**Q** 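This structure is in structure tokens; I'll ask about it shortly.
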Amino acid sequence: MTSDAQPEATPDETYDVIVIGGGPVGENAADRASRTGLSVALVEAELVGGECSYWACMPSKTLLRPGAVRAEARGVPGVTVGDDLDVAAVLARRDQMVSDWDDSGQVSWVEGAGLTLVRGLGRIVGPRLVEVVAEEPDADPDDLPRTRRLAARHAVIVATGSVPVLPDVRGLADANPWTSREATAVEDVPESLAIVGGGVVATEMAVAFADLGARVTVLSRGSLLGRTEPWAGEAVAASLRELGVDVRLGVATEAVEPLPDGGVRLVLAAAGPEDGGDAPDLSPVTVERVLVATGRVPRTQDLGVDSVGLAPGRALEVDDTMLVQGLGSQAGTGWLYAAGDVTGRVATTHQGKYQGRVAGDVVAARFGDPDADGAPTAGERPPAVGARPEPWSRFAATADAVASPQVVFTRPEVAAVGHTEASARDAGLDVRVVRYDLANVAGSSVRSADYAGSAQLVVDAAREVVVGATFVGPDAAEMLHAATIAVVSEVPLRRLWHAVPSYPTVSEVWLRLLEEYGL
Ligand SMILES: Cc1cc2nc3c(=O)[nH]c(=O)nc-3n(C[C@H](O)[C@H](O)[C@H](O)COP(=O)(O)OP(=O)(O)OC[C@H]3O[C@@H](n4cnc5c(N)ncnc54)[C@H](O)[C@@H]3O)c2cc1C
Ligand SMILES: NC(=O)c1ccc[n+]([C@@H]2O[C@H](COP(=O)([O-])OP(=O)(O)OC[C@H]3O[C@@H](n4cnc5c(N)ncnc54)[C@H](O)[C@@H]3O)[C@@H](O)[C@H]2O)c1
């Protein structure tokens, strides 16, 4: 059967719920959806565990960790640290962290959770109908791939993630550029690497490859980490330069030209009108390899969403119950949900998993027995399809809009949650901003003789609650969750004052920030 087949055709298999995409988000959504007795099929085209486990979060953080430890150890007198990392050992540890790109461990988890794994590329062919095309590794290439038609009695949850964007730059596609996949799966570290982009992937990979010994150039059309506080991006740019990275800001890559030795030359132009600052260095960059890190887009191009009236290539817009919007007459009883990168809401694993839990709980409670033994939804009922859920209930992804945390694992780390100062003002809040130098708390000087970093709270002055926080510094990642709790729970500052940080920890900065505020 081909994708032209009619949706009315008899399905090969029927499940209560079908989840398309077995990344971190799909796994969570499927697990939660199954908890009220519903049968759930999880459709995965590549590796169960998705981008995060094999080509994103886990390998990238593993590549960054040795350099972070080395830098921290250098700040502690009495510890002897060598200059070069053992690259082979770093890559071996990376291989171990991605289980050598073998998903059998995650498959065991899927089976243990009582889900049915269906391997292949899923495609929606009508309301509650999914066609799965499985590549048969040993099949005769002349044979058609095997196709299965799955029907969902109740719901389909889409968690297909995102794909990288390749900008339209002359010669770039022919230069065999890396995306984050090839960078995180690196086997032979190139002698030189140009990174196009100035966001999260670009900055993290710049640190990782500088640590691994490559000569790195970052080509960003604006500042670095444009969605965080400007001072955070500036701190990362400064430290990258200290690491020996050539950071060019305000530059556009106009063309990529092949060189006879197999390398490439990148031709640059100014990215925008002169802003009165330093003119960017536009001299051409010659490197062995190019990494494109210019963002990702939701993966809906090959998903068949046009069969239910949605536009391929666009994010699946959802309400706070993760119900897909815009289905018109195809909406039926509310059968289509989405979570994770594919929604275009937030592109982090933890927030996507949170959305997956919401989608799964809504489906489990709406279509299963909500009071089934062990059901997390016992005693609670989801809103009617299309109705606004109670904010902060288990059926609403309320935190997406107000308290979505992110850590950028550069050196220094940048950890932020909620509003930046600019986004808070744009939202019409009357804000007060307090900053404190992390080097001035006792805990940081114990940690390291050269600890440098900064912390900031954005406070809604009318309610006197924290609406945003940013920490920049070594291990700033581990300080973020306290801020996330403060933002989500809207703790009044006068109450927060009684949350006494231990001495001597870097977290004592919370006390200093409140003192700066005037408490
Ligand atoms: C280099 C890099 C580093 C990152 N580091 C971090 C980090 O440190 N922390 C963090 O929170 N986030 C990080 N992210 C973001 C994080 O990887 C994503 O937000 C997360 O993977 C999204 O999860 P997902 O399940 O929505 O999508 P994915 O992880 O992309 O999973 C989607 C799954 O769906 C499958 N699929 C797609 N289409 C189909 C189909 N039609 N049929 C069947 N299966 C299909 C795919 O094969 C894949 O397995 C990083 C991203 C990158 C690129
Ligand atoms: N630690 C983490 O949480 C982590 C790590 C890596 C990636 N991620 C997620 O993955 C997603 C993708 O990361 P990313 O760094 O690719 O995207 P991004 O949106 O963070 O950054 C994209 C960068 O590319 C630039 N850019 C866009 N189009 C361009 C063009 N045509 N030419 C030149 N520059 C261009 C932008 O100005 C920006 O600097 C992010 O949304 C991020 O949340 C998360």
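As the structure lists them, so they are numbered: ligands from 1, and atoms in each ligand from 1. All values reported here derive from a predicted model rather than from experimental measurement.
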**Q** Give the atoms of ligand 1, by number and element, whose distance to some non-hydrogen atom of Arg299 is under 4.0 Å.
**A**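 Once the distances to Arg299 are compared, the set is 37 (C), 38 (N).
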
**Q** Applying side chain to side chain donor-acceptor pair (under 3.5 Å) as the test, list every pair that has at least one member in residues 305-317; sequence neighbours left out.
**A**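 Sorted pair list comes back empty.
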
**Q** Which residue and non-hydrogen atom of the protein lie closest to atom 16 (C) of ligand 1, and at what distance in Å?
**A** Thr349 OG1, 3.4 Å

**Q** Pick one: which of Val256, Val264, Leu266 meets side-chain contact (heavy atoms from CB on, under 4.5 Å) with Leu172?
**A**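 Running side-chain contact (heavy atoms from CB on, under 4.5 Å) over Val256, Val264, Leu266 with Leu172 returns exactly one hit, Val256.
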
**Q** With sequence neighbours excluded, tell me which residues meet ring-ring contact (aromatic ring centres under 6.0 Å, His included) with Phe209.
**A**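 Here the qualifying residues are Trp178.
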
**Q** Select the closest option to atom 23 (O) of ligand 1 among Pro24, Ala183, Gly352, judged by heavy-atom distance.
**A**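 Looking at heavy atoms only, the winner is Pro24.
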
**Q** So if I count the atoms of ligand 1 from 1 in the order they appear, which ones are less than 4.0 Å from some heavy atom of Lys61?
**A** 5 (N), 6 (C), 7 (C), 8 (O)

**Q** Within the side chain of Arg248, is there an N or O that forms a donor-acceptor pair under 3.5 Å with the backbone of Asp281?
**A**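 Indeed, once roles are kept as given, a pair shorter than 3.5 Å links the two residues.
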
**Q** Ignoring hydrogens and angles, state whether a donor on the side chain of Gln106 or Ser53 is under 3.5 Å from an acceptor on the partner side chain.
**A**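 Side-chain D/A pair, Gln106 to Ser53: present.
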
**Q** Given side-chain contact (heavy atoms from CB on, under 4.5 Å), test Arg70 with Asp211 step by step and report yes or no.
**A** CA-CA 10 Å; Arg70 178 180 60 177; Asp211 285 348; 3.6 Å; yes

**Q** Give every pair formed by an N or O atom of ligand 2 and a protein N or O atom closer than 3.5 Å, one pair per line with both atom names and the distance to 0.1 Å, or write none.
**A**
| from | atom 1 | to | atom 2 | distance (Å) |
| --- | --- | --- | --- | --- |
| ligand 2 | 1 (N) | Glu204 | OE2 | 2.9 |
| ligand 2 | 1 (N) | Val407 | O | 2.8 |
| ligand 2 | 3 (O) | Gln406 | NE2 | 2.9 |
| ligand 2 | 15 (O) | Val200 | N | 3.1 |
| ligand 2 | 15 (O) | Val201 | N | 2.8 |
| ligand 2 | 16 (O) | Gly295 | N | 3.0 |
| ligand 2 | 19 (O) | Arg227 | NH2 | 3.0 |
| ligand 2 | 20 (O) | Val200 | N | 3.3 |
| ligand 2 | 20 (O) | Arg227 | NH2 | 3.3 |
| ligand 2 | 24 (O) | Ala293 | O | 3.4 |
| ligand 2 | 28 (N) | Arg221 | NH2 | 3.4 |
| ligand 2 | 37 (O) | Arg221 | NE | 3.2 |
| ligand 2 | 39 (O) | Gly198 | N | 3.0 |
| ligand 2 | 39 (O) | Gly199 | N | 3.2 |
| ligand 2 | 43 (O) | Ala347 | O | 2.9 |
| ligand 2 | 43 (O) | Gln406 | NE2 | 3.1 |

**Q** Is it true that Asp361 and Arg35 have a side-chain N and a carboxylate O under 4.0 angstrom from each other?
**A**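 Judged by the 4.0 Å cut-off on N to carboxylate O distance, Asp361 and Arg35 do not form a salt bridge.
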
**Q** Give the atom numbers and elements of ligand 1 that come within less than 4.0 Å of a heavy atom of Ala159.
**A** 32 (C), 33 (C), 34 (O)

**Q** So, does Leu47 sit close enough to ligand 1 that a heavy atom of it is under 4.0 Å from the ligand?
**A**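 Yes, that is the case, since the closest heavy atom of the residue is under 4.0 Å from the ligand.
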
**Q** Can you name the side chain to side chain contact (heavy atoms under 4.5 Å, CB included) partners of Ala210, sequence neighbours left out?
**A**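 Per chain and number, Ala210 pairs via side chain to side chain contact (heavy atoms under 4.5 Å, CB included) with Val216, Leu243, Val245.
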
**Q** Under 4.0 Å from a heavy atom of Ala45: which atoms of ligand 1 are those, numbered in the order shown and with their elements?
**A** 43 (C), 44 (N), 45 (C)

**Q** Which one of Asp341, Val43, Val133 has a non-hydrogen atom at the shortest distance from atom 19 (O) of ligand 1?
**A** Asp341

**Q** Provide the number and element of each atom of ligand 1 under 4.0 Å from a heavy atom of Ser60.
**A**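 Within the 4.0 Å cut-off of Ser60, ligand 1 contributes 3 (C).
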
**Q** Heavy-atom distance to atom 3 (C) of ligand 1: which of Ser53, Gly122, Ala56 wins?
**A**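 Considering heavy atoms of Ser53, Gly122, Ala56, the nearest to atom 3 (C) of ligand 1 sits in Ala56.
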
**Q** Would you give the length of the straight line joining atom CZ of Arg227 to atom OG1 of Thr420, rounded to the nearest 0.5 angstrom?
**A**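 So the CZ of Arg227 and the OG1 of Thr420 are separated by 11.5 Å.
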
**Q** What residue and heavy atom of the protein are closest to atom 14 (N) of ligand 1, and at what distance?
**A**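 Answer, as residue, atom name and distance: Cys57 SG, 3.9 Å.
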
**Q** Which atoms of ligand 1 sit under 4.0 Å from any heavy atom of Thr348?
**A** 11 (O), 12 (N), 19 (O)

